[in-house]
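Single-structure report; data block below.
Fair warning: this is a prediction, and the values are worked out from it, not measured in the lab.
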Amino acid sequence: MTETIAGVTIPDSKMAQDATALVRDVANDLIFDHSRRTFLFGSLRGMDEGLRYDSELLYVGAMFHDLGLTDTYRRTDQRFEIDAADVARDFLKEYGVDGDAADTVWAAVALHTTPEIPLHMQSEVALVTRGVELDVLGIGYDAITAEQRQAVVEAHPRPDFKNQILAAFTNGLKDRPETTFGNVKADVLEHFLPGFQRGDFVEVIRDNPWPE
């Protein structure tokens, strides 16, 4: 049966159902509910802005965007966003979705922690970021109504979410701290990973092999 939350219809194709099942299987409630809220908030922002977007592609991007924090898909040799983006692209190929559509979802996932740039890209890319920013950072909090927020949170609660998501970020990145160079997750490790030293872009320039 079709599910609607805060006026947003959850895609119910076989691909969308399988995406839901995959995330439900490998992620805890924290990541699952955050991912669903990301889709719902992103959709609401898109509706408010009158954007045209593919709801299924947005759903896969939103649902998969934090899979790089899970034990199943977490690697140690690249950014966690790329872990998840690669999983999303491979998943889409299984359903015959490739080319520009798959590239769009890959970018939506890979860039979701990169401020501003996604907002100038395809609608699906922008709206995954909009959803993440609203749920994690509160950006756009008043762009949707209190009733919409309440409906989303009733369907997908966020108990102690601020502390829990910071813990999830720390756990997912502690074995690859160098991948946070130049991105917002360095802030997380600076707070929560003992001994972490933030990379310094100026020092990289000064200390590289070029003589001047």
Side-chain angles (χ1 to χ4, degrees), residues 2-13 15-17 19-20 23 27 29-69 80-81 84-85 88-89 91-92 97 100-159 161-162 164-166 168-169 183-185 187:
T2 301
E3 183 180 12
T4 300
I5 300 169
V8 177
T9 299
I10 305 294
D12 63 354
S13 66
M15 184 176 76
Q17 291 175 13
T20 303
V23 180
D29 289 346
L30 171 76
I31 297 300
F32 180 81
D33 286 325
H34 164 56
S35 300
R36 292 270 284 200
R37 291 195 304 271
T38 294
F39 169 73
L40 292 164
F41 288 145
S43 297
L44 288 168
R45 293 302 311 275
M47 293 162 60
D48 180 62
E49 295 177 10
L51 298 181
R52 295 180 62 183
Y53 59 92
D54 185 307
S55 186
E56 282 196 308
L57 296 183
L58 176 59
Y59 188 72
V60 172
M63 291 303 293
F64 280 39
H65 81 276
D66 272 345
L67 288 183
L69 299 176
F80 88 98
E81 301 96 329
R89 183 164 7 202
F91 174 85
L92 289 169
V97 180
D100 290 345
D103 289 345
T104 293
V105 175
W106 191 94
V109 176
L111 295 175
H112 79 267
T113 61
T114 304
E116 194 170 350
I117 291 173
L119 306 183
H120 297 272
M121 298 178 68
Q122 299 95 326
S123 295
E124 296 83 4
V125 180
L127 294 178
V128 168
T129 290
R130 288 288 196 201
V132 170
E133 287 181 342
L134 201 162
D135 198 42
V136 178
L137 303 174
I139 297 173
Y141 186 83
D142 292 323
I144 64 174
T145 68
E147 291 76 17
Q148 289 169 326
R149 289 196 302 270
Q150 181 178 354
V152 171
V153 173
E154 284 181 354
H156 294 287
R158 35 179 296 147
F161 177 71
K162 293 180 180 180
Q164 293 299 318
I165 197 64
L166 287 170
F169 290 151
N183 71 68
V184 296
K185 292 301 186 288
D187 295 340

Donor-acceptor check, side chain of [X] to backbone of [Y], threshold 3.5 angstrom: yes or no?
| X | Y | answer |
| --- | --- | --- |
| R45 | A143 | no |
| R36 | A155 | no |
| R37 | H156 | yes |
| H120 | I117 | no |
| E124 | D54 | yes |

Within-4.5 Å side-chain heavy-atom neighbours: [X] and [Y]:
| X | Y | value |
| --- | --- | --- |
| L30 | I165 | yes |
| V152 | I144 | no |
| L111 | T129 | no |
| E154 | I5 | no |
| V60 | V97 | no |
| Y141 | R149 | yes |
| F39 | L127 | no |

Could you tell me which non-hydrogen atom of [X] sits nearest to which non-hydrogen atom of [Y], and how far apart they are?
| X | Y | result |
| --- | --- | --- |
| A101 | L57 | CB-CD1, 3.9 Å |
| G42 | L58 | C-CD2, 4.5 Å |
| V125 | P118 | CG1-CB, 3.8 Å |
| Q17 | D12 | NE2-O, 2.8 Å |
| A6 | A151 | CB-CB, 3.9 Å |
| G140 | L134 | O-CD1, 3.6 Å |

Hey, what's the ring geometry for H112 with H65, parallel, tilted or perpendicular (30° and 60° as the breaks)?
perpendicular
Describe, in one word, how the ring planes of F80 and F169 are oriented to each other, choosing from parallel (under 30°), tilted (30 to 60°) and perpendicular (over 60°).
tilted
Salt bridge or not between E81 and K185? Use side-chain N to carboxylate O under 4.0 Å.
no
